[in-house]
Structures are given as structure tokens and as C-alpha cells.
Amino acid sequence: MDLRYTDEELAFREEVRAFFRDTLPADIHEKMIDAEHVGKDDFVRWTRILNEKGWAVPHWPVEHGGTGWGPMKQYIYLEELQNSPAPQPLAFGVNMVGPVIYTFGNDDQKARFLPRIANLDDWWCQGFSEPGSGSDLASLKTRAVREGDHYIVNGQKTWTTLAQYADWIFCLVRTDPAAKKQQGISFLLIDMTSPGVEVRPIVTIDGGREINEVFLTDVKVPVENLVGEENKGWDYAKFLLGNERTNIARIGVSKQRVARIRELAGKEMSSGRPLIEDERFREKLASIEIDLKALEMTQLRVVAADAKRGSTGRPDPASSILKIKGSEIQQATTHLLMEVMGPYAAPYLPEGDDRWNEPSNVPDYAHFAAPSYFNNRKVSIYGGSNEIQKNIIAKAVLGL
């Protein structure tokens, strides 16, 4: 298989790279470089710049705002976006509920929601996991009982990322408790301003508040917000999760982080010389770079196979391989960045703390190394844990 880029693809890469370089706001770019928190306003501002260009939802069908790019151009675009680095458009809308709506939704739902997703007029969050239903998602207990032209929804969702900002949540709910687990689930779109919706934050190990619990108590949801058919939600969820895993390798993110590690290791000193000159450190960095190159080649093979096969609406089971190795590399890079920072990685929080009586000598770029390290422990869990992905590979790829 020839994995070299064509002249047209190389020219496209330069076009994309130049656009990001010239239009990404400097303040957002600096936050991304240092792994600093990127707020809702930053996401909205950047997404609308992309949408004005016509690049907010490049993988969508052209009739819904997509670009018509083939799999290779989509791959190049995503890699350059991550490597810039720039924020990716909100995945819950662009990569998850949006494709479900344009694939399985009715015309009214497409006209109502898709343009607002592309422009981030609506912020979406995902209501799948529950306290007792994580890896065994089909065991979810949130109930939706139909009463006339509404469903009455009761239950609890957890690990709901960025629900504090959300206007809408897409939920898996049980509409037929007598059916087998996977056969009694429906896919509902719920307005977060509805009476009975309560969001409670969960403080994560890095001190952040990006995930939440969502409680649903007698929430009235119009029947028109049901996507597809009642009790077919499990099929739509599998479609959504397959799309999520395909993009979860985040090769561009890891490339950018490796470049940042190399840059900072040239500044930080160890035994009187730059850390980048330390042989053991260089071995660790080289090991990550080799794994990353192998992952990139695997991703390109999947992209090439997808282009040859054409769109089937079904994810490639090999996406599970990308998810496993991609998450492992992301964690390895944050671990190595902590090693670069050494004692500087310890958080410096003088505000409101009277124990500090002198200014910090910690460089600004070190402040977010530890939070980033801790936050990235989650990447081997979300989108389907790596253990679940190994089961998928065993069944769907190896035929065991």
C-alpha cells in the first residue's frame, strides 16, 4: 500500500495549516499550547470562525454543511487542527449527536438542530453513563414513559462532560422495561432548561469541574424529540460510539505534545546540561515517537480502506485499535512532560494562601503539566474503556 501523500493532498495540507496559523486567535492558541483551560466563549468564538469558512463540520454530508472532502482530506484537516494546536469543534454536537440526527432523524429535526450544531448556537452534552451502567451501558435504568404527546423521564446520568454549559442533552432512556436490555432503549433529545433537570458538578483529580451528574425528575420531553424509532436507540448508540472511537486516536494532539516536550526539554537543565541531551530521556522520547509513527501508519491504513470501501454507515472495528494505542500514547506524553518539569510540576497556588511570602520561580509553562497529566488518566476509559475495546477486537477483528 502506498501511504505517500499526493501533490494535491500536500497542497491541501499547506492551505489548512496557513488558515489555522492566520485565523486562530492568539489568546486561544496560547491556552492550547500550555494545556490551559479553554472556556465556553473560546470554543464558541473559534467554532464560528470555522463555520464561516465552511469547515466546522467537514465530515458531514454536503447538504447539511459538510465539505465533500474524502477520508484523506478529513484526516489531514483533523491532524493539522490538533497539531496547530486549536480547539476541535465540540465533539458532542459535531461528532456524536449531529451524525445521529442526519442519519436517523426526521426532516424537522435536521432542519431544527443541524445548523445550530455547526455554529455552536446549541451546546450539547451526552447522557449515556449512569452510576450502575458504565461499561455495561445497556443495563441503564433511566425511564421514559409515554403520556400522550410527551415522555416523562426519570433517572440519573453521570460523567456528563461540560453539562454545566449545555443547552441540550442527548440521552439513552429505557422505554420498554420488559424487552431485552438492548431492545428496550430509545434515543431522546432533552432541553436542559426543562423543569426537573438538575446538574451537579463532580470535581476531578486535577481539580477541574468539567464533568457532572445530571438528575432527571419527571422531565417532560415532547415525543417529537425522539430520534428514529422507539426502542431502536441501542443501534443509534453503537453508531455514535463507533464514530467517537475513530477520532479518538488524536494523532495530531500527540504530535504537538511531543514537539512541546522536545522544546521544553531543551530549556530545562539536568546535571548542568539541557535535559534533551540526557541519553535516558532521549530513549523515552524516541520510544513514544516510534509508537506514534506506527499509530499514524495504522490510522492511514484505516483511512485508505475507508476511502476504498466507501461510506457504509458502520464504523471499522479497527477503530478500537486506534482508540487503545492512541489513549496510551496520550498518557505517555503527559507523563513525560511531568518528567521534564520535575519539581516545577507541583501546582503553585499562592492566591488566597498566606503561606507564600515570595514570588514563584516556577516558569509559566509548568503550571498546567500536573493537571494535564491527571486529566489524561481518563482517556483510556471514556469512549469505551480499553478493556472493552480489546473484547471488540477479539470478536470483530480476530473472530474469537
Side-chain angles (χ1 to χ4, degrees), residues 90-93 95-97 100 104 123-146 150-205 208-221 225-228 230-245 248 323 377-389 391-392:
L90 185 68
F92 305 109
N95 295 331
M96 298 184 188
V97 74
V100 169
F104 304 105
W123 188 288
W124 285 82
C125 63
Q126 179 181 24
F128 278 20
S129 295
E130 299 182 2
S133 304
S135 297
D136 183 17
L137 182 59
S139 66
L140 62 90
K141 294 181 173 59
T142 295
R143 289 282 306 277
V145 178
R146 183 163 180 172
H150 284 80
Y151 288 100
I152 306 301
V153 181
N154 284 277
Q156 178 186 353
K157 299 295 180 178
T158 193
W159 314 124
T160 313
T161 304
L162 303 178
Q164 70 270 32
Y165 300 145
D167 304 296
W168 288 84
I169 182 172
F170 55 93
C171 277
L172 291 182
V173 297
R174 190 161 300 283
T175 43
D176 185 355
K180 291 183 179 179
K181 289 193 304 183
Q182 291 88 345
Q183 296 175 1
I185 294 171
S186 296
F187 197 105
L188 281 185
L189 312 178
I190 302 176
D191 187 337
M192 291 289 282
T193 64
S194 303
V197 177
E198 180 185 1
V199 178
R200 299 179 189 173
I202 299 173
V203 179
T204 53
I205 193 171
R209 295 176 178 267
E210 68 177 357
I211 59 174
N212 305 269
E213 298 175 288
V214 177
F215 295 86
L216 305 161
T217 306
D218 293 330
V219 179
K220 293 182 66 176
V221 180
N225 289 4
L226 171 72
V227 175
E230 189 172 273
N231 299 324
K232 295 292 186 181
W234 187 249
D235 293 335
Y236 312 147
K238 288 192 295 182
F239 170 86
L240 180 154
L241 291 171
N243 287 328
E244 181 184 9
R245 290 163 191 158
I248 215 165
K323 196 277 179 179
R377 299 307 96 193
K378 69 186 180 186
V379 298
S380 56
I381 300 173
Y382 68 59
S385 70
N386 283 9
E387 290 76 14
I388 294 297
Q389 304 312 311
N391 289 339
I392 293 172

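For the numbers below, each heavy atom of this structure counts, side chains included, while hydrogens, waters and symmetry mates do not.
- In this structure, the side chains of F128 and L240 come closer than 4.5 Å at one or more pairs of heavy atoms.
- Taking both residues in full, the closest heavy atoms of A166 and M192 are given as O-CB, 3.5 Å, listed atom of the first, atom of the second, then distance.
- Put simply, the side chain of Q183 does not reach to within 4.5 Å of the side chain of N231, judged on heavy atoms.
- Atom CZ of residue F92 and atom OG1 of residue T161 lie 4.5 Å apart, to the nearest 0.5 angstrom.
- Of all the heavy atoms in S139 and G132, the pair that sits closest is OG-O, 3.7 Å.
- Heavy atoms only, all atoms of each residue included: Q182 and A138 are closest at CG-CB, 3.8 Å.
- Shortest non-hydrogen contact noted between L216 and C171 is CD1-SG, 4.4 Å.
- Remark: side-chain polar atoms of K232 are not paired, donor with acceptor, to backbone N or O of V227 under 3.5 angstrom.
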Can W124 and M96 be said to form a side chain to side chain contact (heavy atoms under 4.5 Å, CB included), step by step? CA-CA 9 Å; W124 285 82; M96 298 184 188; over 6 Å; no
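- Side-chain contact between V197 and V214 is present, with heavy atoms from C-beta onward closer than 4.5 Å.
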Evaluate T204 against K378 for side chain to side chain contact (heavy atoms under 4.5 Å, CB included), listing each step before the verdict. CA-CA 10 Å; T204 53; K378 69 186 180 186; over 6 Å; no
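- Counting all heavy atoms, side chain and backbone alike, V173 lies closest to A144 at CG2-CB, 3.6 Å.
- Every pair passing salt bridge (Lys or Arg N to Asp or Glu O under 4.0 Å) that includes a residue from residues 185-204 is listed here, sequence neighbours excluded: E198-R200.
- The aromatic rings of F187 and Y236 lie perpendicular to each other, with more than 60° between the two planes, well past the 30° mark.
- With a 4.5 Å cut-off on side-chain heavy atoms, Y165 and L90 do not count as touching.
- Of the possible polar contacts, none joining the T142 side chain to the G155 backbone as a donor-acceptor pair under 3.5 Å is found.
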Side chain to side chain contact (heavy atoms under 4.5 Å, CB included) assessment of L162 paired with W123: CA-CA 9 Å; L162 303 178; W123 188 288; 3.5 Å; yes
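- Donor-acceptor pairing under 3.5 Å is recorded for the side chains of Y151 and E230.
- Using a 4.5 Å heavy-atom cutoff, the side chains of L188 and L226 are in contact.
- Taking OG of S194 as the reference point, atom CG of D218 lies at 12.5 Å (rounded to 0.5 Å).
- Between the CD atom in Q156 and the CG atom in L140 there is a gap of 12.5 Å [rounded to 0.5 Å].
- R209 CZ: 12 or fewer foreign heavy atoms inside a 6.0 Å radius.
- In this structure a side-chain-to-backbone donor-acceptor pair under 3.5 Å is present from K157 to L172.
- Here the side chain of E130 pairs a donor or acceptor atom with the backbone of K141 at under 3.5 angstrom.
- I202 meets the side-chain contact (heavy atoms from CB on, under 4.5 Å) test with T158, W159, I211, E213; sequence neighbours excluded.
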Show, in sequence, the C-alpha distance, side-chain angles and deciding distance for N154 and T217, and conclude whether the side chain to side chain contact (heavy atoms under 4.5 Å, CB included) test is met. CA-CA 5 Å; N154 284 277; T217 306; 4.1 Å; yes
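- Annotation: side chain of P201 is not in contact with side chain of Q164 (no heavy-atom distance under 4.5 Å).
- For residues 169-182, the pairs satisfying salt bridge (Lys or Arg N to Asp or Glu O under 4.0 Å) are D136-K181, with sequence neighbours left out.
- To the nearest 0.5 Å, the span separating CG on N386 from CD1 on I392 amounts to 10.5 Å.
- Interatomic distance, OG of S385 versus CG of N391, reported as 8.0 Å (0.5 Å rounding).
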